[in-house]
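Following: one structure in C-alpha coordinates, then a few remarks.
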Amino acid sequence: MAKITPLTGDQAVAEAMRQIDPDVVAAYPITPQTEIVMTFSQFVADGKVKTEFIPVESEHSAMSACVGSAAAGARTMTATSANGLALMWEIVYIAASMRLPIVMPVVNRALSGPINIHCDHSDSMGARDSGWIQMYAENGQEAYEDTILAIRIAERKDILLPVMVCQDGFITSHSVEGVELLEDKLVKDFIREYKPCMPTLLDTDKPVTYGPLDLQDFYFEHKRQQSEAMKNAMATIPKVMDEFNRTFGKSCNIIEEYKMDGAEVGIIVMSSTAGTAKVVVDELREQGLKVGLIRPRLFRPFPAQKIIDAISGLKAVAVLDRAESFSNCGGPLFNDIRAVMYNSEKKPLMLNYIFGLGGRDIFPKDIADVYKKLFKIVSANRAEESINYIGVRE
Amino acid sequence: MIEIRWHGRGGQGAKTASQFIAEAALGAGKYIQAFPEYGPERAGAPIRCFTRIADKPITVHSPVTNPYAVVVIDPTLLDSIDVIEGLIEDGVLLVNSAKAPKVIREKLKLKKGKVATVDATKISLETLGIPMPNTPMLGALLRVKDVVSMDILISQVKNKFLKKIGAEKTDANIDGIKRAYQETEIG
(Lines give C-alpha, C1' and ligand atoms only; values in the text may rest on other atoms or scores of the structure.)
Protein backbone atom coordinates (compact mmCIF):
# COMPACT_ATOMS: atom_id res chain seq x y z
CA MET A 1 0.00 0.00 0.00
CA ALA A 2 1.09 3.53 -0.69
CA LYS A 3 1.63 5.34 2.57
CA ILE A 4 1.49 8.98 3.64
CA THR A 5 4.80 10.13 5.10
CA PRO A 6 5.72 13.54 6.50
CA LEU A 7 8.46 14.80 4.19
CA THR A 8 9.93 18.04 2.96
CA GLY A 9 9.83 18.55 -0.81
CA ASP A 10 13.55 17.82 -0.86
CA GLN A 11 13.14 14.56 1.05
CA ALA A 12 10.24 13.55 -1.20
CA VAL A 13 12.46 13.92 -4.28
CA ALA A 14 15.26 12.01 -2.55
CA GLU A 15 12.76 9.19 -1.88
CA ALA A 16 11.90 9.13 -5.59
CA MET A 17 15.62 8.89 -6.34
CA ARG A 18 15.94 6.01 -3.86
CA GLN A 19 13.13 4.17 -5.64
CA ILE A 20 14.62 4.92 -9.06
CA ASP A 21 18.02 3.71 -7.81
CA PRO A 22 19.95 5.33 -10.69
CA ASP A 23 23.25 3.80 -11.79
CA VAL A 24 25.11 7.06 -11.26
CA VAL A 25 24.47 10.27 -9.32
CA ALA A 26 27.16 12.92 -9.70
CA ALA A 27 26.55 15.95 -7.52
CA TYR A 28 28.28 18.81 -5.81
CA PRO A 29 27.95 18.09 -2.10
CA ILE A 30 27.87 21.57 -0.51
CA THR A 31 26.06 24.91 -0.84
CA PRO A 32 24.18 25.78 -3.07
CA GLN A 33 23.26 22.09 -3.06
CA THR A 34 20.07 21.10 -1.23
CA GLU A 35 18.83 18.48 1.19
CA ILE A 36 17.97 16.30 -1.85
CA VAL A 37 21.57 15.25 -2.34
CA MET A 38 22.23 15.17 1.42
CA THR A 39 19.34 12.74 1.94
CA PHE A 40 20.20 10.68 -1.12
CA SER A 41 23.87 10.35 -0.15
CA GLN A 42 22.65 8.93 3.17
CA PHE A 43 20.71 6.30 1.21
CA VAL A 44 23.93 5.48 -0.63
CA ALA A 45 25.90 5.24 2.63
CA ASP A 46 23.21 3.03 4.18
CA GLY A 47 23.25 0.67 1.19
CA LYS A 48 19.61 1.41 0.31
CA VAL A 49 20.59 2.01 -3.33
CA LYS A 50 23.26 0.54 -5.56
CA THR A 51 24.05 3.93 -7.10
CA GLU A 52 27.62 4.99 -7.79
CA PHE A 53 27.67 8.39 -6.06
CA ILE A 54 30.30 10.78 -7.38
CA PRO A 55 30.84 13.82 -5.14
CA VAL A 56 32.49 16.26 -7.52
CA GLU A 57 34.36 19.51 -6.92
CA SER A 58 31.93 21.85 -8.69
CA GLU A 59 28.52 21.90 -10.35
CA HIS A 60 30.26 22.25 -13.72
CA SER A 61 31.98 18.97 -12.96
CA ALA A 62 28.72 17.44 -11.73
CA MET A 63 27.05 17.93 -15.09
CA SER A 64 30.24 16.92 -16.91
CA ALA A 65 30.36 13.63 -14.98
CA CYS A 66 26.67 13.11 -15.73
CA VAL A 67 27.31 13.60 -19.45
CA GLY A 68 30.09 11.00 -19.43
CA SER A 69 28.07 8.59 -17.36
CA ALA A 70 24.90 8.91 -19.45
CA ALA A 71 26.90 8.56 -22.69
CA ALA A 72 28.39 5.39 -21.25
CA GLY A 73 24.86 4.01 -20.91
CA ALA A 74 24.20 4.51 -17.19
CA ARG A 75 20.87 5.82 -15.86
CA THR A 76 22.11 9.12 -14.50
CA MET A 77 20.78 11.79 -12.17
CA THR A 78 22.00 14.86 -10.33
CA ALA A 79 20.32 17.70 -8.46
CA THR A 80 21.05 21.38 -8.17
CA SER A 81 19.77 24.82 -7.28
CA ALA A 82 20.33 28.50 -8.00
CA ASN A 83 23.98 29.42 -8.66
CA GLY A 84 24.80 25.73 -8.86
CA LEU A 85 22.70 25.51 -12.01
CA ALA A 86 24.31 28.70 -13.27
CA LEU A 87 27.76 27.16 -12.92
CA MET A 88 26.63 24.07 -14.85
CA TRP A 89 25.47 26.22 -17.76
CA GLU A 90 27.91 25.22 -20.47
CA ILE A 91 27.41 21.51 -19.88
CA VAL A 92 23.64 21.83 -19.46
CA TYR A 93 23.39 22.70 -23.16
CA ILE A 94 25.82 19.90 -24.06
CA ALA A 95 23.74 17.30 -22.19
CA ALA A 96 20.67 18.26 -24.21
CA SER A 97 22.46 18.42 -27.56
CA MET A 98 24.02 14.99 -26.96
CA ARG A 99 20.49 13.73 -26.30
CA LEU A 100 21.37 12.28 -22.91
CA PRO A 101 18.34 11.37 -20.76
CA ILE A 102 19.66 12.85 -17.50
CA VAL A 103 17.06 13.74 -14.86
CA MET A 104 17.87 16.70 -12.60
CA PRO A 105 15.68 17.95 -9.75
CA VAL A 106 16.10 21.73 -9.44
CA VAL A 107 15.14 23.60 -6.29
CA ASN A 108 14.22 27.02 -7.67
CA ARG A 109 16.12 29.79 -5.94
CA ALA A 110 17.25 33.26 -6.89
CA LEU A 111 20.47 33.86 -8.77
CA SER A 112 22.95 36.25 -7.23
CA GLY A 113 23.34 39.14 -7.09
CA PRO A 114 22.62 40.64 -4.79
CA ILE A 115 23.36 37.48 -2.83
CA ASN A 116 20.10 35.73 -2.01
CA ILE A 117 19.21 32.12 -1.28
CA HIS A 118 15.42 32.29 -1.44
CA CYS A 119 12.82 31.22 -3.96
CA ASP A 120 12.35 32.55 -7.43
CA HIS A 121 12.56 31.01 -10.87
CA SER A 122 15.51 32.96 -12.24
CA ASP A 123 17.77 29.87 -12.16
CA SER A 124 15.71 27.49 -14.29
CA MET A 125 14.16 30.25 -16.43
CA GLY A 126 17.68 31.13 -17.50
CA ALA A 127 18.01 27.54 -18.70
CA ARG A 128 14.68 27.50 -20.52
CA ASP A 129 16.35 27.63 -23.97
CA SER A 130 18.94 24.96 -23.16
CA GLY A 131 16.93 22.16 -24.72
CA TRP A 132 15.92 20.51 -21.44
CA ILE A 133 12.36 19.51 -20.69
CA GLN A 134 11.15 21.50 -17.66
CA MET A 135 8.42 20.51 -15.21
CA TYR A 136 7.30 22.74 -12.31
CA ALA A 137 5.75 21.12 -9.24
CA GLU A 138 3.16 22.75 -6.98
CA ASN A 139 4.16 20.81 -3.86
CA GLY A 140 6.40 18.03 -2.58
CA GLN A 141 3.95 15.37 -3.71
CA GLU A 142 4.16 16.54 -7.29
CA ALA A 143 7.92 16.99 -7.19
CA TYR A 144 8.08 13.33 -6.12
CA GLU A 145 5.76 12.22 -8.92
CA ASP A 146 7.45 14.39 -11.54
CA THR A 147 10.83 12.86 -10.68
CA ILE A 148 9.47 9.39 -11.42
CA LEU A 149 7.65 10.58 -14.55
CA ALA A 150 10.80 12.35 -15.75
CA ILE A 151 12.76 9.09 -15.96
CA ARG A 152 10.22 7.58 -18.34
CA ILE A 153 9.91 10.78 -20.37
CA ALA A 154 13.67 11.37 -20.73
CA GLU A 155 14.49 7.82 -21.75
CA ARG A 156 11.90 7.39 -24.51
CA LYS A 157 13.49 6.77 -27.89
CA ASP A 158 11.34 9.44 -29.58
CA ILE A 159 12.39 12.03 -26.97
CA LEU A 160 15.87 11.35 -25.51
CA LEU A 161 16.15 14.68 -23.77
CA PRO A 162 17.22 15.60 -20.25
CA VAL A 163 14.56 16.76 -17.78
CA MET A 164 14.60 19.35 -14.98
CA VAL A 165 12.09 18.73 -12.21
CA CYS A 166 11.61 22.13 -10.56
CA GLN A 167 10.04 22.99 -7.21
CA ASP A 168 9.96 26.20 -5.17
CA GLY A 169 12.98 26.71 -2.93
CA PHE A 170 12.14 26.71 0.80
CA ILE A 171 8.42 27.15 0.14
CA THR A 172 8.01 23.50 -0.79
CA SER A 173 11.60 22.20 -0.63
CA HIS A 174 11.82 22.84 3.13
CA SER A 175 8.14 22.54 4.05
CA VAL A 176 6.98 19.30 5.67
CA GLU A 177 3.76 17.96 4.18
CA GLY A 178 2.16 14.55 3.95
CA VAL A 179 3.54 12.84 0.84
CA GLU A 180 2.05 9.65 -0.55
CA LEU A 181 4.97 7.43 -1.49
CA LEU A 182 4.20 4.73 -4.03
CA GLU A 183 5.36 1.19 -3.44
CA ASP A 184 9.01 0.66 -4.36
CA LYS A 185 8.24 -2.27 -6.62
CA LEU A 186 5.47 -0.48 -8.51
CA VAL A 187 7.79 2.47 -9.15
CA LYS A 188 10.47 0.09 -10.41
CA ASP A 189 7.92 -1.55 -12.74
CA PHE A 190 6.77 1.85 -14.01
CA ILE A 191 10.22 3.21 -14.79
CA ARG A 192 11.34 -0.17 -16.20
CA GLU A 193 14.84 -1.51 -16.37
CA TYR A 194 17.06 0.95 -18.23
CA LYS A 195 18.14 -0.19 -21.66
CA PRO A 196 19.79 2.67 -23.55
CA CYS A 197 18.17 2.89 -26.98
CA MET A 198 21.27 4.35 -28.65
CA PRO A 199 24.74 2.78 -28.86
CA THR A 200 26.80 3.79 -25.84
CA LEU A 201 30.48 4.53 -25.27
CA LEU A 202 31.04 1.17 -23.62
CA ASP A 203 29.45 -0.80 -26.45
CA THR A 204 32.60 -2.12 -28.16
CA ASP A 205 30.61 -3.98 -30.81
CA LYS A 206 29.17 -0.73 -32.10
CA PRO A 207 31.85 1.89 -31.42
CA VAL A 208 30.50 5.44 -31.38
CA THR A 209 31.74 8.93 -30.69
CA TYR A 210 29.75 11.38 -28.57
CA GLY A 211 30.14 15.11 -28.82
CA PRO A 212 32.60 15.57 -31.70
CA LEU A 213 33.14 18.74 -33.76
CA ASP A 214 30.04 19.53 -35.77
CA LEU A 215 30.47 22.64 -37.92
CA GLN A 216 28.48 24.29 -40.70
CA ASP A 217 27.86 20.94 -42.35
CA PHE A 218 25.69 19.23 -39.72
CA TYR A 219 25.27 21.36 -36.54
CA PHE A 220 22.03 22.85 -37.86
CA GLU A 221 20.54 19.42 -38.63
CA HIS A 222 21.34 18.27 -35.11
CA LYS A 223 19.63 21.33 -33.66
CA ARG A 224 16.68 20.67 -35.94
CA GLN A 225 16.49 17.14 -34.54
CA GLN A 226 16.44 18.58 -31.02
CA SER A 227 13.40 20.69 -31.97
CA GLU A 228 11.76 17.58 -33.40
CA ALA A 229 12.44 15.73 -30.14
CA MET A 230 10.70 18.57 -28.25
CA LYS A 231 7.70 18.22 -30.59
CA ASN A 232 7.65 14.50 -29.89
CA ALA A 233 7.88 15.28 -26.18
CA MET A 234 4.78 17.46 -26.44
CA ALA A 235 2.86 14.60 -28.03
CA THR A 236 4.22 11.89 -25.77
CA ILE A 237 4.39 13.38 -22.26
CA PRO A 238 0.57 13.32 -21.89
CA LYS A 239 0.63 9.61 -22.78
CA VAL A 240 3.27 8.87 -20.14
CA MET A 241 1.19 10.85 -17.64
CA ASP A 242 -1.93 8.88 -18.63
CA GLU A 243 -0.13 5.64 -17.98
CA PHE A 244 1.08 6.98 -14.62
CA ASN A 245 -2.47 8.08 -13.75
CA ARG A 246 -3.95 4.71 -14.69
CA THR A 247 -1.28 2.79 -12.80
CA PHE A 248 -1.37 4.82 -9.61
CA GLY A 249 -4.83 6.41 -9.60
CA LYS A 250 -3.46 9.93 -10.08
CA SER A 251 -4.55 12.91 -12.14
CA CYS A 252 -1.36 14.47 -13.54
CA ASN A 253 -1.71 16.70 -16.56
CA ILE A 254 0.60 19.01 -18.47
CA ILE A 255 -1.58 21.91 -17.38
CA GLU A 256 -4.01 22.04 -14.49
CA GLU A 257 -7.25 23.93 -14.98
CA TYR A 258 -8.79 24.88 -11.63
CA LYS A 259 -12.44 25.97 -11.53
CA MET A 260 -12.29 27.20 -15.11
CA ASP A 261 -15.91 26.22 -15.87
CA GLY A 262 -17.73 29.41 -16.75
CA ALA A 263 -14.76 31.52 -15.68
CA GLU A 264 -14.59 35.09 -17.04
CA VAL A 265 -11.15 35.97 -15.74
CA GLY A 266 -8.20 33.79 -14.88
CA ILE A 267 -4.71 33.74 -13.42
CA ILE A 268 -1.89 31.68 -14.88
CA VAL A 269 0.92 30.83 -12.49
CA MET A 270 3.31 27.94 -11.91
CA SER A 271 4.54 26.05 -8.85
CA SER A 272 3.56 26.63 -5.21
CA THR A 273 1.87 30.00 -5.80
CA ALA A 274 -0.85 28.19 -7.73
CA GLY A 275 -1.76 26.43 -4.49
CA THR A 276 -2.10 29.77 -2.71
CA ALA A 277 -4.18 31.09 -5.62
CA LYS A 278 -6.57 28.13 -5.35
CA VAL A 279 -7.60 29.32 -1.88
CA VAL A 280 -8.44 32.72 -3.39
CA VAL A 281 -10.36 31.16 -6.29
CA ASP A 282 -12.44 29.14 -3.79
CA GLU A 283 -13.25 32.27 -1.76
CA LEU A 284 -14.15 34.40 -4.80
CA ARG A 285 -16.25 31.61 -6.33
CA GLU A 286 -18.20 31.47 -3.06
CA GLN A 287 -18.91 35.18 -3.56
CA GLY A 288 -20.25 34.32 -7.02
CA LEU A 289 -17.32 35.76 -8.97
CA LYS A 290 -16.44 33.80 -12.10
CA VAL A 291 -12.72 33.28 -11.58
CA GLY A 292 -10.43 30.40 -12.48
CA LEU A 293 -6.81 29.35 -12.41
CA ILE A 294 -4.44 27.71 -14.88
CA ARG A 295 -1.20 26.11 -13.81
CA PRO A 296 1.27 24.84 -16.40
CA ARG A 297 3.04 21.82 -14.89
CA LEU A 298 5.08 21.47 -18.07
CA PHE A 299 6.91 24.57 -19.28
CA ARG A 300 9.36 23.12 -21.84
CA PRO A 301 8.06 22.06 -24.27
CA PHE A 302 5.45 24.77 -23.91
CA PRO A 303 1.85 23.45 -23.79
CA ALA A 304 0.72 26.07 -26.30
CA GLN A 305 -2.48 24.48 -27.59
CA LYS A 306 -3.71 23.62 -24.09
CA ILE A 307 -3.17 27.23 -23.04
CA ILE A 308 -4.97 28.59 -26.09
CA ASP A 309 -7.91 26.25 -25.48
CA ALA A 310 -8.04 27.16 -21.80
CA ILE A 311 -7.92 30.95 -22.04
CA SER A 312 -9.21 32.07 -25.44
CA GLY A 313 -12.78 32.26 -24.07
CA LEU A 314 -11.81 34.41 -21.09
CA LYS A 315 -12.31 38.17 -20.91
CA ALA A 316 -9.04 38.85 -19.10
CA VAL A 317 -6.01 36.92 -17.92
CA ALA A 318 -3.13 37.74 -15.59
CA VAL A 319 0.13 35.85 -15.99
CA LEU A 320 2.25 35.73 -12.83
CA ASP A 321 6.00 35.34 -13.37
CA ARG A 322 8.45 34.54 -10.56
CA ALA A 323 11.33 35.71 -12.76
CA GLU A 324 12.32 38.93 -14.49
CA SER A 325 13.68 38.81 -18.03
CA PHE A 326 14.71 42.50 -18.23
CA SER A 327 13.25 42.75 -21.73
CA ASN A 328 10.83 45.53 -20.70
CA CYS A 329 8.21 43.22 -22.22
CA GLY A 330 7.42 41.07 -19.19
CA GLY A 331 8.46 37.77 -17.71
CA PRO A 332 9.15 34.51 -19.54
CA LEU A 333 5.79 32.82 -18.91
CA PHE A 334 3.91 35.96 -19.99
CA ASN A 335 5.93 36.27 -23.17
CA ASP A 336 5.24 32.70 -24.22
CA ILE A 337 1.54 33.02 -23.48
CA ARG A 338 1.12 36.34 -25.22
CA ALA A 339 3.01 34.95 -28.24
CA VAL A 340 0.89 31.81 -28.58
CA MET A 341 -2.31 33.90 -28.34
CA TYR A 342 -1.31 36.17 -31.23
CA ASN A 343 -2.93 33.99 -33.89
CA SER A 344 -5.92 33.07 -31.78
CA GLU A 345 -9.15 34.56 -33.06
CA LYS A 346 -10.41 35.27 -29.58
CA LYS A 347 -7.94 36.90 -27.23
CA PRO A 348 -8.45 37.92 -23.60
CA LEU A 349 -7.02 41.17 -22.26
CA MET A 350 -3.70 40.26 -20.69
CA LEU A 351 -1.66 41.53 -17.75
CA ASN A 352 1.72 40.44 -16.49
CA TYR A 353 2.74 40.47 -12.84
CA ILE A 354 6.30 39.91 -11.68
CA PHE A 355 6.27 38.64 -8.08
CA GLY A 356 8.22 36.88 -5.38
CA LEU A 357 11.76 37.68 -6.51
CA GLY A 358 14.38 36.64 -3.97
CA GLY A 359 11.75 34.93 -1.83
CA ARG A 360 9.42 37.93 -1.33
CA ASP A 361 6.26 36.36 0.11
CA ILE A 362 3.03 36.42 -1.86
CA PHE A 363 -0.20 36.23 0.15
CA PRO A 364 -3.79 35.34 -0.79
CA LYS A 365 -4.64 39.05 -0.49
CA ASP A 366 -2.13 39.91 -3.25
CA ILE A 367 -3.75 37.37 -5.54
CA ALA A 368 -7.24 38.62 -4.70
CA ASP A 369 -6.04 42.10 -5.74
CA VAL A 370 -4.99 40.70 -9.13
CA TYR A 371 -8.47 39.26 -9.70
CA LYS A 372 -9.97 42.61 -8.68
CA LYS A 373 -7.76 44.36 -11.23
CA LEU A 374 -8.81 41.85 -13.90
CA PHE A 375 -12.50 42.67 -13.39
CA LYS A 376 -11.58 46.36 -13.55
CA ILE A 377 -9.86 46.06 -16.92
CA VAL A 378 -12.80 44.00 -18.20
CA SER A 379 -15.14 46.88 -17.31
CA ALA A 380 -12.83 49.40 -18.96
CA ASN A 381 -12.15 46.99 -21.87
CA ARG A 382 -8.52 48.09 -21.82
CA ALA A 383 -5.44 46.48 -20.24
CA GLU A 384 -3.56 49.72 -19.46
CA GLU A 385 -0.06 49.01 -18.15
CA SER A 386 0.61 45.38 -18.99
CA ILE A 387 3.71 44.85 -16.81
CA ASN A 388 3.04 45.09 -13.06
CA TYR A 389 4.79 44.11 -9.85
CA ILE A 390 3.39 42.51 -6.70
CA GLY A 391 4.69 43.45 -3.29
CA VAL A 392 7.67 45.57 -4.31
CA ARG A 393 8.65 48.96 -2.86
CA GLU A 394 8.71 51.55 -5.61
CA MET B 1 -7.81 24.73 9.67
CA ILE B 2 -5.66 25.48 12.72
CA GLU B 3 -2.70 27.77 12.11
CA ILE B 4 0.13 28.04 14.63
CA ARG B 5 3.11 30.40 14.69
CA TRP B 6 6.17 29.51 16.74
CA HIS B 7 8.70 32.03 18.06
CA GLY B 8 12.05 30.85 19.32
CA ARG B 9 15.75 31.38 18.94
CA GLY B 10 17.96 29.33 16.63
CA GLY B 11 18.91 26.12 18.44
CA GLN B 12 15.93 25.98 20.84
CA GLY B 13 13.96 23.46 18.80
CA ALA B 14 11.12 25.66 17.52
CA LYS B 15 11.41 24.13 14.06
CA THR B 16 11.46 20.62 15.48
CA ALA B 17 8.39 21.37 17.61
CA SER B 18 6.50 22.87 14.66
CA GLN B 19 7.16 19.72 12.62
CA PHE B 20 6.62 17.34 15.51
CA ILE B 21 3.05 18.39 16.22
CA ALA B 22 2.28 18.39 12.48
CA GLU B 23 3.62 14.87 12.07
CA ALA B 24 1.58 13.71 15.05
CA ALA B 25 -1.52 15.20 13.40
CA LEU B 26 -0.64 13.50 10.11
CA GLY B 27 -0.57 10.22 12.03
CA ALA B 28 -4.10 11.03 13.21
CA GLY B 29 -5.28 11.38 9.60
CA LYS B 30 -5.07 15.16 9.28
CA TYR B 31 -3.54 17.21 6.47
CA ILE B 32 -0.47 19.11 7.60
CA GLN B 33 2.15 21.69 6.72
CA ALA B 34 5.16 22.75 8.82
CA PHE B 35 7.81 25.17 7.67
CA PRO B 36 10.31 27.58 9.12
CA GLU B 37 10.99 31.10 7.95
CA TYR B 38 14.59 30.95 6.86
CA GLY B 39 16.74 33.97 7.43
CA PRO B 40 20.38 34.25 8.31
CA GLU B 41 20.56 31.11 10.46
CA ARG B 42 22.64 31.25 13.58
CA ALA B 43 22.26 30.01 17.13
CA GLY B 44 20.43 32.56 19.25
CA ALA B 45 18.82 34.54 16.41
CA PRO B 46 15.04 34.97 16.60
CA ILE B 47 13.25 32.58 14.24
CA ARG B 48 9.64 31.94 13.29
CA CYS B 49 8.09 28.66 12.24
CA PHE B 50 4.59 27.74 11.13
CA THR B 51 2.27 24.76 11.43
CA ARG B 52 -1.02 24.19 9.65
CA ILE B 53 -3.36 21.31 10.52
CA ALA B 54 -6.61 20.73 8.63
CA ASP B 55 -9.27 18.19 7.75
CA LYS B 56 -8.97 19.04 4.05
CA PRO B 57 -5.90 19.21 1.76
CA ILE B 58 -3.88 22.39 2.35
CA THR B 59 -2.92 24.19 -0.85
CA VAL B 60 -1.95 27.60 0.52
CA HIS B 61 1.82 28.11 0.45
CA SER B 62 2.34 31.45 2.14
CA PRO B 63 3.35 32.19 5.72
CA VAL B 64 0.66 32.21 8.41
CA THR B 65 -0.48 35.81 8.99
CA ASN B 66 -3.42 35.28 11.34
CA PRO B 67 -2.54 32.42 13.68
CA TYR B 68 -4.99 30.75 16.02
CA ALA B 69 -2.11 29.98 18.37
CA VAL B 70 1.22 31.69 18.95
CA VAL B 71 3.77 29.65 20.88
CA VAL B 72 6.71 31.56 22.35
CA ILE B 73 9.51 29.20 23.31
CA ASP B 74 11.88 31.95 24.46
CA PRO B 75 10.21 34.57 26.73
CA THR B 76 13.00 37.12 26.12
CA LEU B 77 11.49 37.55 22.64
CA LEU B 78 8.48 39.30 24.21
CA ASP B 79 10.69 42.39 24.58
CA SER B 80 11.91 42.54 20.99
CA ILE B 81 9.28 40.93 18.76
CA ASP B 82 5.60 41.65 18.24
CA VAL B 83 4.57 38.08 18.99
CA ILE B 84 0.84 38.83 18.99
CA GLU B 85 0.85 40.33 15.49
CA GLY B 86 -2.16 39.03 13.58
CA LEU B 87 -3.39 36.78 16.42
CA ILE B 88 -7.07 36.07 15.78
CA GLU B 89 -9.82 37.33 18.16
CA ASP B 90 -10.34 34.03 19.98
CA GLY B 91 -6.72 32.94 19.60
CA VAL B 92 -4.23 31.74 22.18
CA LEU B 93 -0.85 33.10 23.19
CA LEU B 94 1.22 30.39 24.90
CA VAL B 95 4.47 31.49 26.51
CA ASN B 96 7.29 29.54 28.14
CA SER B 97 7.39 31.60 31.33
CA ALA B 98 7.19 31.25 35.10
CA LYS B 99 4.99 34.35 35.18
CA ALA B 100 1.21 34.26 35.48
CA PRO B 101 -0.84 34.75 32.27
CA LYS B 102 -2.14 38.04 33.69
CA VAL B 103 1.39 39.47 33.87
CA ILE B 104 2.08 38.59 30.22
CA ARG B 105 -1.29 39.99 29.18
CA GLU B 106 -0.56 43.30 30.89
CA LYS B 107 2.97 43.48 29.51
CA LEU B 108 1.70 43.06 25.94
CA LYS B 109 -1.52 45.06 26.53
CA LEU B 110 -3.37 42.10 25.03
CA LYS B 111 -7.15 42.36 25.37
CA LYS B 112 -8.35 39.47 23.23
CA GLY B 113 -8.14 35.70 23.30
CA LYS B 114 -6.52 33.47 25.86
CA VAL B 115 -3.05 33.69 27.40
CA ALA B 116 -1.37 30.58 28.78
CA THR B 117 1.98 30.19 30.50
CA VAL B 118 4.09 27.28 31.62
CA ASP B 119 7.66 27.16 32.92
CA ALA B 120 8.80 24.72 30.25
CA THR B 121 12.50 25.45 30.76
CA LYS B 122 12.24 24.46 34.45
CA ILE B 123 10.26 21.33 33.54
CA SER B 124 12.82 20.42 30.92
CA LEU B 125 15.70 20.86 33.39
CA GLU B 126 13.93 18.72 35.98
CA THR B 127 12.89 15.92 33.61
CA LEU B 128 15.62 15.85 30.96
CA GLY B 129 18.39 17.64 32.82
CA ILE B 130 18.90 20.07 29.94
CA PRO B 131 17.15 23.31 28.97
CA MET B 132 15.17 22.01 25.95
CA PRO B 133 11.73 23.56 26.46
CA ASN B 134 10.30 22.61 23.06
CA THR B 135 8.90 19.18 23.96
CA PRO B 136 7.18 20.34 27.18
CA MET B 137 5.66 23.19 25.13
CA LEU B 138 3.90 20.54 23.01
CA GLY B 139 2.14 19.28 26.14
CA ALA B 140 1.17 22.84 27.03
CA LEU B 141 -0.15 23.40 23.50
CA LEU B 142 -2.45 20.39 23.87
CA ARG B 143 -3.80 21.89 27.05
CA VAL B 144 -4.92 25.06 25.24
CA LYS B 145 -6.04 23.31 22.05
CA ASP B 146 -6.53 19.62 21.39
CA VAL B 147 -4.79 19.73 18.02
CA VAL B 148 -4.11 16.02 18.56
CA SER B 149 -4.87 13.72 21.49
CA MET B 150 -2.29 13.19 24.23
CA ASP B 151 -2.11 9.49 23.25
CA ILE B 152 -1.21 10.36 19.66
CA LEU B 153 1.44 12.83 20.80
CA ILE B 154 2.99 10.31 23.18
CA SER B 155 3.08 7.54 20.59
CA GLN B 156 4.71 10.02 18.20
CA VAL B 157 7.37 10.78 20.85
CA LYS B 158 8.01 7.05 21.22
CA ASN B 159 8.20 6.52 17.44
CA LYS B 160 10.64 9.35 16.96
CA PHE B 161 12.76 9.15 20.09
CA LEU B 162 13.06 5.52 21.22
CA LYS B 163 15.64 4.44 18.66
CA LYS B 164 17.48 7.73 18.72
CA ILE B 165 17.85 8.46 22.43
CA GLY B 166 16.75 5.29 24.26
CA ALA B 167 13.91 4.47 26.65
CA GLU B 168 15.09 6.52 29.61
CA LYS B 169 15.30 9.85 27.81
CA THR B 170 12.13 9.11 25.84
CA ASP B 171 10.26 8.61 29.12
CA ALA B 172 11.78 11.83 30.46
CA ASN B 173 10.41 13.68 27.43
CA ILE B 174 6.98 12.14 27.96
CA ASP B 175 7.08 13.14 31.65
CA GLY B 176 7.96 16.68 30.59
CA ILE B 177 5.03 16.81 28.17
CA LYS B 178 2.58 15.50 30.78
CA ARG B 179 3.86 17.85 33.47
CA ALA B 180 3.62 20.84 31.15
CA TYR B 181 0.04 19.84 30.31
CA GLN B 182 -0.82 19.79 34.03
CA GLU B 183 1.09 22.92 35.01
CA THR B 184 -0.11 25.20 32.22
CA GLU B 185 -1.99 28.21 33.58
CA ILE B 186 -4.63 29.82 31.44
CA GLY B 187 -5.94 33.33 31.96
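Here is the naming used below: chain letters follow the sequence lines, and residue numbers restart at 1 for every chain. Computed from a prediction, not measured in an experiment: that's the story for all the values here.
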Taking atom NZ of B:Lys169 as the centre, report whether more than 12 heavy atoms of other residues, nucleotides or ligands fall under 6.0 Å from it. no
Shortest non-hydrogen contact from B:Gln33 toward A:Ser175: CG-OG, 3.7 Å
Return yes when atom CG of A:Asp261 has more than 12 non-hydrogen atoms of other residues, nucleotides or ligands closer than 6.0 Å, and no otherwise. no
Gap separating the CZ atom of B:Phe35 from the CD1 atom of A:Ile171, nearest 0.5 angstrom: 9.0 Å
Chain A contact via B:Thr65 - side chain, backbone, both or neither, heavy atoms under 4.5 Å: side chain
Around atom NZ of B:Lys112, are there more than 12 heavy atoms of other residues, nucleotides or ligands at under 6.0 Å? yes
Output the distance between atom OG1 (A:Thr276) and atom NE2 (B:His61), rounded to the nearest 0.5 Å. 7.0 Å
Taking everything shown except B:Phe50 itself, do over 12 heavy atoms lie less than 6.0 Å from its CZ? yes
So for B:Ala34, is it side chain, backbone, both, or neither that comes closer than 4.5 Å to the heavy atoms of chain A? both
Flag yes if more than 12 heavy atoms outside B:Asp79 fall under 6.0 Å of its CG atom; otherwise flag no. yes
For B:Leu26, the option from A:Val176, A:Thr5, A:Ile4, A:Val179 that meets side chain to side chain contact (heavy atoms under 4.5 Å, CB included): A:Ile4
Which of A:Lys278, A:Glu177, A:His118 touches chain B most, by non-hydrogen pairs under 4.5 Å: A:Glu177
Measuring heavy-atom distances to chain B, does A:Ile362 have an atom under 4.5 Å in its side chain, in its backbone, in both, or in neither? backbone
Mark yes when over 12 heavy atoms from residues, nucleotides or ligands other than A:Lys259 sit less than 6.0 Å from its NZ; otherwise mark no. yes
With chain A as the partner, which of B:Ala22, B:Pro63, B:Pro36 has the greatest number of non-hydrogen pairs under 4.5 Å? B:Pro63
